[in-house]
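Note: hydrogens, waters and symmetry copies are ignored here, and every other heavy atom, side chains too, is used. Start at 1 and go down the list; that is how both ligands and their atoms are numbered.
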Amino acid sequence: MTIFSRIIAGEIPSYKCAEDDRFYAFLDINPVAKAHTLVVPKQEVDYLFDLDDDTLAAMTVFAKRVAKAIQQAFPCRKVGMAVLGLEVNHAHIHLIPLQSEGDMDFRKEKLQLPAEEMQAIADKILENF
Ligand code: 5GP
């Protein structure tokens, strides 16, 4: 079982931002920007581009809804979308509110936000989903 499957199952806590029967969205624990969110399929597949076409298409539409909720909750110029998958072998999409190009820089020092602030961010995205 991957760490993300354990999160989806509720075995490991997460800051939930959105959910439906096939997908789950939650805050990245080491955000590159405030409201950095991960979208994952409940189906356990290693890499995003190994998902079947139907699941990938549906996940993209789900990610779009999450991105709209992020932008409503935290006004930004755009919401960036990235696929890395170098650390966790469970398909996922990164959604990151952007004010500038540098907000997508995964090499920069990660934010460390208090638990109450992370919870408040997730709640606000969930309210707008
Ligand atoms: P990637 O696999 O796309 O290279 O990176 C995985 C991402 O998942 C990283 O940004 C990392 O901070 C995040 N991540 C790894 N483990 C956890 C976890 O247990 N909880 C949460 N919320 N995020 C995680």
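- Inclusion of L27 in the set of residues having an N or O under 3.5 Å from an N or O of ligand 1 is warranted.
- Rounding to the nearest 0.5 Å gives a distance of 5.0 Å between CD of Q43 and OG1 of T55.
- Below 4.0 Å from some heavy atom of N30 lie the following atoms of ligand 1, by number and element: 12 (O).
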Set out, in order, the CA-CA distance, both residues' side-chain angles and the distance that settles side chain to side chain contact (heavy atoms under 4.5 Å, CB included) for I93 and L38, then state yes or no.
CA-CA 6 Å; I93 291 171; L38 300 174; over 6 Å; no
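- Residue A25 comes nearest to V66 through the heavy atom pair CB-CG2, 4.1 Å, listed as atom of the first residue, atom of the second, then distance.
- Checked against a 6.0 Å centroid threshold, the rings of H92 and H90 do not count as neighbours.
- Contacts with ligand 1 closer than 4.0 Å are made by side-chain heavy atoms of F26 only, the backbone lying farther away.
- Around atom 17 (C) of ligand 1, the closest heavy atom drawn from T37, I29, I93 belongs to I29.
- Note: F62 and Y24 fail the aromatic proximity criterion, with ring centroids not under 6.0 Å apart.
- Ligand 1 lies within reach of G85, whose nearest heavy atom is under 4.0 Å from it.
- Scanning the protein for heavy atoms near atom 7 (C) of ligand 1, the closest one is D28 OD2, 3.5 Å.
- Looking at D20 and R22, no side-chain N of the basic residue comes within less than 4.0 Å of a carboxylate O on the acidic one, giving no salt bridge.
- Between L86 and ligand 1, at least one pair of N/O atoms sits closer than 3.5 Å.
- Using a 4.0 Å cut-off between heavy atoms, H92 contacts ligand 1 through its side chain alone, with no backbone atom that close.
- Contact annotation: I12 has no heavy atom less than 4.0 Å from any atom of ligand 1.
- Of all the heavy atoms of Y47, none lies under 4.0 Å from any atom of ligand 1, so neither backbone nor side chain is involved.
- Residue-environment remark: NZ (K68) stays at or below the threshold of 12 foreign heavy atoms within 6.0 Å.
- Every atom of ligand 1 is numbered from 1 in the order shown, and the set under 4.0 Å from a heavy atom of L84 is 3 (O), 4 (O).
- Using a 4.0 Å cut-off between heavy atoms, V83 makes no contact with ligand 1 at all.
- Residue contacts with ligand 1, taken as heavy atom pairs separated by less than 4.0 Å, involve I7 solely via side-chain atoms from C-beta onward.
- For atom 19 (O) of ligand 1, the closest heavy atom belonging to the protein is I3 CD1, 3.6 Å.
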Given L98 and V79, is the side chain to side chain contact (heavy atoms under 4.5 Å, CB included) satisfied, shown in steps?
CA-CA 6 Å; L98 301 178; V79 174; over 6 Å; no
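- Residue K110 places no heavy atom under 4.0 Å from ligand 1.
- In this structure, the protein non-hydrogen atom closest to atom 5 (O) of ligand 1 is E87 CB, 3.6 Å.
- For a threshold of 3.5 Å applied to N or O pairs, the pair formed by V88 and ligand 1 contains at least one separation below that value.
- Looking at D103 and K78, no side-chain N of the basic residue comes within less than 4.0 Å of a carboxylate O on the acidic one, giving no salt bridge.
- At under 3.5 Å, not a single nitrogen or oxygen of H36, backbone or side chain, sits near a nitrogen or oxygen of ligand 1.
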Any chance you could lay out the side chain to side chain contact (heavy atoms under 4.5 Å, CB included) test for D123 and M118, step after step, and finish with the verdict?
CA-CA 9 Å; D123 288 347; M118 291 287 274; over 6 Å; no
